[in-house]
Asker: 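Dropping a structure here in structure tokens format, bear with me for questions.
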Amino acid sequence: MRTRVVIAGYGMAGARLAEEIRRRDPAGERVAIVAVGDEPHPPYNRVLLSNVLAGAMSAESVRLQEEGWAAAHGVEVRRGRAVVSVDRAGRGVALDDGTWVGYDVLVLATGARAWVPPVEGLTGDDGGLAPGVATFRTLDDCAAIAAGARGGARVAVLGGGLLGLEAARGLAARGNAVTVVHPNGHLMERQLDHGAGHVLARVLRGLGVRVLLNSRAARYLPGDGLKLDDGRLVAADLVVVAAGVRPQTAQASAAGLAVDGGVLVDDDLRTSDPLIHAIGDCARHPGTVPGLVQPAWEQAAALAALLTGGRSPYRGTKVVTRLKASGVDLAALGDVHAAPDDPRAEVLWLSEPSRGRYAKLVVRDERVAGAIALGVPDAAAAITQFYDRGLPVPPDRLALLLGRAMPYGEGAAPGGGAAGLPGTSVVCRCNAVSKDKLVAAWRSGARDLTALASATRATTGCGTCTDTVCGIARWLAQSEKAEAAGTAHAQS
């Protein structure tokens with residue numbers, strides 16, 4: 001008898017769960033899937049929305065599934081519908097169109113919603129956004145922002161976190177005059193220390209983004225802009241709110257599930273009800289950071305294994321945060337706030353604000369415990385490899401900080417680049433694609449970037465691994481060419 005799994009939410013986490021289930025149960029012999037998504041679009045990659053906003057990518061190009069994927073794989077999708085309540089006793093969910101859907105297992109993948117701070121004028125009497133105000137969370141938000149930003153409109157972005165800066169850079173790339181209003185003393189304070197935040201602000205200013213720190217919006221004046229609490233006016237025709245998100249847990253709370261900053265789950269992604277699981281931004285697991293795609297997709301794989309008769313407990317994710325903004329190369333991981341005088345750590349840092357570079361390395365017990373790499377891509381690549389694999393760092397810490405020390409082993413020879421990268425190295429963090437997987441796909445016929453992406457999903461997350469994937473493809477082609485030449489020479 002098939003297990004009927006209802007997925008409440010068909011965004012990045014829900015769609016990946018459906019794919020992972022079908023990868024393990026292609027014919028649907030063990031699991032029947034019904035997915036309910038409140039957006040009218042096919043599932044898409046939110047990570048790439050800043051590229052859509054900048055005009056560098058189309059809405060169609062960020063789709064995670066083709067229009068007919070669900071039907072072809074026996075997945076029933078109810079698009080443009082939302083789960084409004086959960087009946088745990090009756091094992092069913094009520095949708096906003098009045099229909100009722102029964103389940104054997106329910107998976108909450110409801111994600112998060114944009115948070116609008118209590119600034120006078122941002123919302124109307126009905127609670128909706130005021131004219132000239134938009135959030136930055138969905139594909140429809142992108143369309144609204146693009147419409148409001150036409151003709152070189154002045155834009156104020158409320159929030160200097162990851163999403164706010166991606167929106168600001170995308171709008172600046174369109175030719176808009178953009179001002180970021182951030183209430184804290186430096187940008188991305190969750191992921192960066194004070195020094196890195198200030199270098200990042202300098203880089204963004206050089207790219208045409210005005211940055212106002214320690215600044216709080218007090219009132220929105222339609223047609224004029226944002227009035228700050230110190231009396232200054234930020235002239236703006238459009239205000240983009242990117243002040244953070246909140247997990248969508250209303251249905252879970254109303255159903256009596258344990259909720260604390262998200263729906264609480266264990267290593268099997270199970271909630272306080274054994275027949276209900278939660279993944280992605282709406283879930284709270286002690287080993288992960290919310291708001292990023294990599295944990296959601298790893299959770300989807302772990303839950304799919306459980307639902308198809310196996311078990312692969314989710315233990316958490318080592319997250320590397322990357323800023324997806326044209327002209328900015330930034331990665332941050334682990335404990336970024338360790339101070340130089342921390343008695344339990346070695347802390348090295350390099351700051352070169354005039355060239356937009358900042359690097360910080362935190363070492364504990366001979367392992368990478370944290371790092372920031374701004375404007376130093378070689379260092380980011382090297383440090384991330386040590387962090388991912390939990391390898392002891394080299395005695396020359398400075399060489400690692402400068403990106404001159406790469407991890408080797410498992411048959412890999414020094415030499416740098418794709419050739420020197422160990423086969424088990426994770427190339428695409430978003431999709432957990434190793435070099436070995438890319439090599440296998442290439443040898444199976446995936447001979448270019450598009451084919452490799454289709455076969456492995458590499459580059460379809462944040463996109464920052466694209467250069468490395470291309471490098472591996474070039475290395476494989478060169479190796480094959482050299483091998484063929486050697487064979488021909490031997491035969492002659």
Asker: Would you please name every residue forming a ring-ring contact (aromatic ring centres under 6.0 Å, His included) with His186, sequence neighbours left out?
Answerer: His194
Asker: Sort and list the pairs that fulfil salt bridge (Lys or Arg N to Asp or Glu O under 4.0 Å) and have at least one residue in residues 331-340, not counting sequence neighbours.
Answerer: Asp335-Arg364
Asker: Restricting to salt bridge (Lys or Arg N to Asp or Glu O under 4.0 Å), what partner residues turn up for Glu39, sequence neighbours left out?
Answerer: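 Glu39 satisfies salt bridge (Lys or Arg N to Asp or Glu O under 4.0 Å) with Arg46 once adjacent residues are dropped.
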Asker: According to salt bridge (Lys or Arg N to Asp or Glu O under 4.0 Å), who are the partners of Arg443, at least two apart in sequence or on a separate chain?
Answerer: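 Arg443 satisfies salt bridge (Lys or Arg N to Asp or Glu O under 4.0 Å) with no residue once adjacent residues are dropped.
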Asker: Could you list all the salt bridge (Lys or Arg N to Asp or Glu O under 4.0 Å) pairs where at least one residue sits in residues 52-64, not counting sequence neighbours?
Answerer: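 Residue pairs with at least one partner in residues 52-64: Arg63-Glu67.
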Asker: Please list all pairs passing the side chain to side chain donor-acceptor pair (under 3.5 Å) test where one or both residues lie in residues 307-316, with sequence neighbours left out.
Answerer: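 Pairs touching residues 307-316 that pass the test: Asp267-Arg315, Asp268-Arg311, Thr288-Tyr314, Tyr314-Thr317.
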Asker: Restricting to salt bridge (Lys or Arg N to Asp or Glu O under 4.0 Å), what partner residues turn up for Arg202, sequence neighbours left out?
Answerer: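 Listed in chain order: nothing, the list is empty.
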Asker: Just jot down the salt bridge (Lys or Arg N to Asp or Glu O under 4.0 Å) partners of Arg23, sequence neighbours excluded, or say none.
Answerer: Glu20
Asker: With Ala168, which residues qualify under side-chain contact (heavy atoms from CB on, under 4.5 Å), at least two apart?
Answerer: Val157, Val178, Val180, Val209
Asker: Please list, one pair per line, the donor and acceptor atoms closer than 3.5 Å that link side chains of residues 366-373 to other protein atoms, with sequence neighbours excluded.
Answerer:
{"residue": "Glu366", "atom": "OE1", "partner": "Arg397", "partner atom": "NH1", "Å": "3.3"}
{"residue": "Glu366", "atom": "OE1", "partner": "Arg397", "partner atom": "NH2", "Å": "3.1"}
{"residue": "Glu366", "atom": "OE2", "partner": "Arg397", "partner atom": "NH2", "Å": "2.9"}
{"residue": "Arg367", "atom": "NE", "partner": "Gly390", "partner atom": "O", "Å": "3.0"}

Asker: Please enumerate all residues that pass ring-ring contact (aromatic ring centres under 6.0 Å, His included) together with Trp69, with sequence neighbours excluded.
Answerer: His73
Asker: Return all side-chain donor-acceptor pairs below 3.5 angstrom for residues 108-116, not counting sequence neighbours, or 'none' if the list is empty.
Answerer:
{"residue": "Thr110", "atom": "OG1", "partner": "Gln248", "partner atom": "O", "Å": "2.8"}
{"residue": "Arg113", "atom": "NH1", "partner": "Pro247", "partner atom": "O", "Å": "3.3"}

